[in-house]
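First comes the structure, then the notes that go with it.
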Amino acid sequence: MIDFSLTEEQKACQKLVREFAQNEIVPVAPELDEEQRHSPELVEKYFELGLLHYLVPEKYGGPELGSIEGCILGEELAAACGGVAATFGQNSLGLTPFLIAGSPELKEELLPKHTSGPNLSGFCLTEAGAGSDVSGIRSTARREGDEFVINGTKQFITNGGVASLYSVFASEDPELKHKGLSAFMVPADSPGVSTGKKENKLGQRATDTREVIFDNVHIPAHYRLGEGFDGFKIAMMTLDHSRAGVGASAVGVARAALEAATAYAKERVQFGKPIAALQAVQLMLADMAIKVNAARWLCWHAAWLTDNGKPNSKESAMAKCFAGDTAMQVTTDAVQVFGGYGYMKDYPVEKYMRDAKLYQIYEGTNQIQRLVIAGQLIR
Ligand SMILES: Cc1cc2nc3c(=O)[nH]c(=O)nc-3n(C[C@H](O)[C@H](O)[C@H](O)COP(=O)(O)OP(=O)(O)OC[C@H]3O[C@@H](n4cnc5c(N)ncnc54)[C@H](O)[C@@H]3O)c2cc1C
């Protein structure tokens, strides 16, 4: 049977996070954006709500929610601020390789400490020469007795300067390209870990995006995830898990833009009547609403596949790609509905448009999503 309704628990989760987002995030979002400032206060409050570590199993201190709940959280948070949503969401992205491939002993060792407080994690895949093409990763992991020694510089890392735990992808044999990659958990306070330049960004400015530098960082050998030489697979499995949630955040920004444009169109009078009475404006609003709904269902379907242990590479790529493109189109149209006022910082829609752009870029650009989809179609 097909059932499009949320469970009572999911509805309660949605209500809880919507109230939090509207009451706590919306009032400070313009200031965080303007000052390009990460807010530890919001992280603390979200932690108190019990949702910061939502994916982590109960036995390691989390509430063990699923991907559908992740979509609900992502949409509500991003409808308030794309940057704050990314800060919280990237904690789950950084932990996902660990949840997928970490040993029970390592989870027991690191996760309860992480989930006991308002701690964030970061996902360290990208490097200056390795964006879409992760086979270009130059970071290395050298085995020395009971340890690995990690060297390299990661770029554009969300939560880079504020995370306490990183998942890091480095090569054990650069000759093997992507087949030489392994994944590791690295505590941020390990000697040799430092952070570089904070990026000055177009949108999602409430996130801390930085270089993370690993200079002869010694970690215990059992901090490697999986069997070793399976880092590429772990990274791809992680992204299959996370893309529905990223798409849902894009839906949140698009929904907020649609709501703002609809309200404005009913108020703004030109030619003696509200612009909402003009069919040209109505058609724009209708197209925006169609795209927001379609994007949400693609995300929830991809999340449902994840939660039910079914293959979802193609569907999660579709969800992220369509939702990212939707966010860009809908926010651009929202600025258009606002006319000149939409271009001004006095109204929220220019921020939505800036925040939306990133959904077409991170977690694999939308060109790469299309390659993933096509690869599945023609294989
Ligand atoms: C604000 C921000 C936060 C980020 N956070 C993180 C993070 O937390 N962790 C992390 O690891 N990374 C993070 N990233 C990195 C992000 O995932 C990469 O920027 C992205 O994967 C693209 O890589 P690139 O920037 O090197 O672009 P490139 O790979 O150089 O791509 C440039 C252009 O070429 C296109 N292109 C490349 N290859 C192909 C192809 N084969 N076919 C068609 N088109 C192609 C791309 O689509 C793009 O349009 C973040 C990036 C940003 C901007």
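Just follow the structure's listing: the first ligand is 1, and inside any ligand the first atom is 1. Model, not experiment: these values are computed from the prediction. In what follows, every heavy atom counts, from backbone to side chain, and hydrogens, waters and symmetry copies are set aside.
Among all protein heavy atoms, the one lying closest to atom 43 (C) of ligand 1 is Gln367 CB, 4.0 Å. Of the protein's non-hydrogen atoms, Gly131 CA, 3.3 Å is the one closest to atom 23 (O) of ligand 1. Scanning the protein for heavy atoms near atom 46 (C) of ligand 1, the closest one is Thr365 OG1, 3.7 Å. For atom 15 (C) of ligand 1, the nearest non-hydrogen atom of the protein is Thr126 OG1, 3.2 Å. At the top of the distance list for atom 41 (N) of ligand 1, counting protein heavy atoms only, stands Leu371 CD1, 3.5 Å.
In plain terms, the two heavy atoms of Ser5 and Asp3 that are nearest each other are OG-OD1, 2.5 Å. Across all non-hydrogen atoms, the minimal contact from Pro118 to Val43 is O-CG1, 3.6 Å. Contact between Pro274 and Ala265 at its shortest, heavy atoms only, is CB-O, 3.7 Å.
For atom 31 (O) of ligand 1, a protein heavy-atom neighbour is present inside the 4.0 Å cut-off. There is a protein heavy atom less than 4.0 angstrom from atom 50 (C) of ligand 1. Distance check on atom 8 (O) of ligand 1: some protein heavy atom falls below the 4.0 Å cut-off.
Not a single N or O atom of Asp133, backbone or side chain, sits closer than 3.5 Å to an N or O atom of ligand 1. The shortest N or O to N or O distance between Thr209 and ligand 1 is not under 3.5 Å. Remark: ligand 1 and Phe156 share an N or O pair separated by less than 3.5 Å (distance only, no angle test). Not a single N or O atom of Tyr362, backbone or side chain, sits closer than 3.5 Å to an N or O atom of ligand 1. In terms of polar-atom proximity, defined here as any N/O pair under 3.5 Å, Leu358 makes no such contact with ligand 1. In terms of polar-atom proximity, Gln155 is not counted as a contact of ligand 1, lacking any N or O under 3.5 Å from an N or O of the ligand. Of the polar atoms of Leu125, at least one N or O is found under 3.5 Å from an N or O of ligand 1, judged by distance alone.
Within the cation-pi definition used here (under 6.0 Å to the ring centroid, within 45° of the axis), Arg224 does not qualify as a partner of Phe184.
Residues Trp300 and Phe4 keep their aromatic ring centres 6.0 Å or farther apart. Aromatic ring centres of Phe148 and Tyr223: separated by at least 6.0 Å. Taking the six-membered ring wherever Trp is involved, the centroid distance between the rings of Phe338 and Tyr343 does not fall below 6.0 Å.
Ile213 CD1 to Ile157 CD1: the interatomic distance, rounded to the nearest 0.5 Å, is 11.0 Å.
Neither the backbone nor the side chain of Lys154 comes within contact range of ligand 1; no heavy atom lies under 4.0 Å. The side chain of Lys201, and not its backbone, has at least one atom closer than 4.0 Å to an atom of ligand 1 (non-hydrogen atoms only; side chain from C-beta on).
When the shell of 6.0 Å around CD of Glu34 is examined, it contains 12 or fewer heavy atoms from other residues, nucleotides or ligands.
Using a 4.0 Å cut-off to heavy atoms of Ile157, the atoms of ligand 1 that qualify are 7 (C), 8 (O), 9 (N), 10 (C), 11 (O). Under a 4.0 Å criterion applied to the non-hydrogen atoms of Glu363, ligand 1 contributes the atoms 17 (O).
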Kindly indicate, with the supporting measurements, whether the criterion side-chain hydrogen bond (donor to acceptor under 3.5 Å, both in side chains) is fulfilled by Glu172 and Ser182. CA-CA 7 Å; Glu172 292 198 53; Ser182 296; 2.6 Å; yes
Between Asp325 and Asn366, does a side-chain hydrogen bond (donor to acceptor under 3.5 Å, both in side chains) hold up when you go through it step by step? CA-CA 8 Å; Asp325 287 350; Asn366 280 4; 2.8 Å; yes
Determine, step by step, whether Thr365 and Gln360 satisfy the side-chain hydrogen bond (donor to acceptor under 3.5 Å, both in side chains) criterion, reporting the C-alpha distance in whole Å, the side-chain angles of both residues, the deciding distance to 0.1 Å, and the verdict. CA-CA 6 Å; Thr365 67; Gln360 294 181 308; over 6 Å; no
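Of the candidates Ala130, Ser121, Ser132, Ser132 brings a heavy atom nearest to atom 27 (O) of ligand 1. Residue Ile361 holds the heavy atom nearest to atom 20 (C) of ligand 1 of all those in Thr158, Ile368, Ile361, Asn159.
Using a 4.0 Å cut-off between charged side-chain N and carboxylate O, Asp208 and Arg210 make a salt bridge.
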